[in-house]
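The next block holds one structure in the form of structure tokens; read it before the comments.
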Amino acid sequence: MGFLFVDRIEALDEHGARGTFDLAAGDGALPPWLVLEAVGQLAAWVAMARTDFLSRPVAALIGDAALDRSLWRERAEGPLLLAARLERIDSRAILYNGTARCGGRVIAELSRCVGPLLPVALFDDPDRVRAHLGALRRGEAVSGHEPMPLPAAEPVEVEANGLRRTRLVVPATAPYFPEHFPRRPVFPASLLAATLDRLAAPAAAAALGVGAACTVAVHDYKVRAFCEPGSALELSAEPQAVVDGLASIRVHAAAGGKRTASGRFDYRVAS
């Protein structure tokens with residue numbers, strides 16, 4: 001099981017790219033956080049090609065992301081069509097946006113996303129990465145799709161104001177580490193977001209007075225540090241407000257007393 005969510009790159013230049021990720025027939029509901037990951041990975045291929053595989057972006061900020069509620073309930077129909085565009089690139093970071101489409105509609109849209117640039121060689125063999133891009137552009141690098149298990153968190157504590165807390169230990173070994181990243185395994189920021197969402201969704205449902213809620217937007221999800229294998233994370237989800245049927249939940253992750261990630265997730269009634 002890997003952690004690569006781009007199977008083919010159909011067009012790529014210094015400004016952006018278009019690509020696909022094939023979903024197996026009969027797949028269940030699309031994994032929303034991995035859809036965002038797929039768009040980010042496509043943007044990373046553009047940045048690596050543009051820097052001649054000297055630098056690569058790492059996850060730092062999703063400024064805004066909108067998610068179609070179909071992601072939580074419908075089966076995949078055909079390939080995921082990905083697009084990413086670099087709005088800015090310099091020696092320090094990229095600013096990008098992008099979309100994912102499936103079944104003829106936009107199911108995810110990202111904007112104001114930032115990825116700091118670090119040396120490719122810290123994370124992977126640059127020659128291996130270059131060869132993989134060649135395979136993607138020739139349509140020879142099919143990754144496949146399998147369920148991506150989340151590590152189990154400890155029992156959740158719920159406070160009177162609806163604040164929810166739990167503790168998560170990043171596994172020492174996991175099937176996604178060999179590709180994220182081979183030379184420096186870290187817990188993927190998208191899986192951390194998925195874990196925070198699993199904590200926050202019941203808080204949103206309670207705030208909305210319903211049985212279940214699903215994420216429809218992400219705002220300023222910022223990752224401040226890598227989560228190494230074996231690290232212990234303190235997670236929290238705090239209700240903020242309910243306006244016009246939209247519940248906002250502030251999420252945090254910390255390790256050793258230092259904030260690792262934070263952001264705001266918005267929810268609506270799951271339908």
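Any value given below was found using the heavy atoms of this structure, including those in side chains, with hydrogens, waters and symmetry copies removed.
No single ILVMFWY cluster, assembled from side-chain heavy atoms under 4.5 Å apart, contains both Ile9 and Leu81. Residues Leu133 and Leu86 share a single hydrophobic cluster, defined by chaining ILVMFWY side chains whose heavy atoms lie under 4.5 Å apart. Side-chain heavy atoms closer than 4.5 Å link hydrophobic residues (I, L, V, M, F, W, Y) into clusters, and following such links, possibly through other members, connects Val156 to Val170. Grouping the Ile, Leu, Val, Met, Phe, Trp and Tyr side chains by contacts below 4.5 angstrom, directly or via other members, places Val58 apart from Tyr176.
Judged purely by atom type and a 3.5 angstrom limit, Arg264 has no side-chain atom pairing as donor or acceptor with the backbone of Asp220. Looking only at distances, a side-chain donor or acceptor of Glu179 sits under 3.5 Å from a matching main-chain atom of Phe3. Using a distance-only test at 3.5 Å, with no hydrogens or angles considered, a donor-acceptor pair links the side chain of Arg50 to the main chain of Glu14.
Using a 4.5 Å cut-off between side-chain heavy atoms of Ile, Leu, Val, Met, Phe, Trp and Tyr, Val269 falls into a hydrophobic cluster with Leu208, Val210, Val242.
A distance of 10.5 Å separates OG in Ser55 from CE in Met48, rounded to the nearest 0.5 Å. Between the CD atom of Glu154 and the CZ atom of Arg165 there is a distance of 14.0 Å, given to the nearest 0.5 Å. Here the CG-CD1 distance, from Asp197 to Ile249, works out to 10.5 Å after rounding to the nearest 0.5 Å. His180 contributes atom NE2, which lies 6.0 Å from atom CD of Glu37 (distance to the nearest 0.5 angstrom). With rounding to the nearest 0.5 angstrom, the OG1 atom of Thr195 is 4.5 Å from the CG atom of Leu150. If you take CG on Leu82 and CZ on Phe5, they are separated by 11.5 Å, rounding to the nearest 0.5 Å.
The number of heavy atoms from other shown groups lying within 6.0 Å of CZ (Arg88) does not exceed 12. Crowding of Glu87 atom CD: a count of heavy atoms from other residues, nucleotides or ligands under 6.0 Å exceeding 12.
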Practice task
Apply side chain to side chain contact (heavy atoms under 4.5 Å, CB included) to the pair Arg130 and Asp52, showing each step before the final yes or no.
Solution key: CA-CA 9 Å; Arg130 187 192 302 271; Asp52 196 26; 3.0 Å; yes

Exercise for the section: Could you walk me through whether Leu122 and Arg184 pass the side chain to side chain contact (heavy atoms under 4.5 Å, CB included) test, one step at a time? Expected result: CA-CA 7 Å; Leu122 291 177; Arg184 188 179 179 183; 6.0 Å; no

Exercise for the section: Decide yes or no on side chain to side chain contact (heavy atoms under 4.5 Å, CB included) for Leu95 and Val114, but give the supporting numbers first. Expected result: CA-CA 5 Å; Leu95 173 67; Val114 176; 3.9 Å; yes

Exercise for the section: Determine, step by step, whether Leu192 and Leu196 satisfy the side chain to side chain contact (heavy atoms under 4.5 Å, CB included) criterion, reporting the C-alpha distance in whole Å, the side-chain angles of both residues, the deciding distance to 0.1 Å, and the verdict. Expected result: CA-CA 6 Å; Leu192 177 56; Leu196 288 165; 4.2 Å; yes

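At a threshold of 4.5 Å between non-hydrogen side-chain atoms, the residues Ser91 and Leu117 do not count as touching. Annotation: side chain of Pro151 is in contact with side chain of Leu168 (closest heavy-atom distance under 4.5 Å). Residues Cys227 and Val186 form no side-chain contact, since every pair of their non-hydrogen atoms from C-beta on lies 4.5 Å or further apart. In this structure, Arg69 and Val216 have side chains that are in contact, with non-hydrogen atoms separated by less than 4.5 Å. The side-chain heavy atoms of Val6 and Phe21, taken from C-beta on, include no pair separated by under 4.5 Å. Taking the side chain as every heavy atom from C-beta outward, His219 and Asp64 approach each other to under 4.5 Å. At least one side-chain heavy atom of Arg101 sits under 4.5 Å from a side-chain heavy atom of Val106. Proximity of Arg56 to Asp124: side-chain heavy atoms (C-beta onward) are nowhere separated by under 4.5 Å.
Ring to ring, Trp45 and Tyr96 are not that close: their centroids are 6.0 angstrom or more apart.
Sorted by first and then second residue, the salt bridge (charged side-chain N to carboxylate O under 4.0 Å, His left out) pairs involving residues 202-212 (not counting sequence neighbours) form an empty list.
Across all non-hydrogen atoms, the minimal contact from Arg167 to Val169 is NH1-CG2, 3.5 Å. In terms of heavy atoms, Ala204 sits closest to Ala213 at CB-CB, 4.1 Å. Among all heavy-atom pairs drawn from Val46 and His15, the shortest one is CG1-C, 4.3 Å. Heavy-atom minimum distance, Ala59 versus Val223: O-CB, 4.0 Å. Nearest heavy-atom pair across Pro116 and Ala93 is CA-CB, 3.8 Å. The nearest pair of heavy atoms linking Pro171 to Phe177 is O-CE1, 3.4 Å.
Ring orientation note: the planes of Tyr221 and Phe265 are tilted relative to one another, at an angle of 30° to 60°.
With respect to the salt-bridge test (charged N to carboxylate O, under 4.0 angstrom), the residues Arg250 and Glu238 do not qualify.
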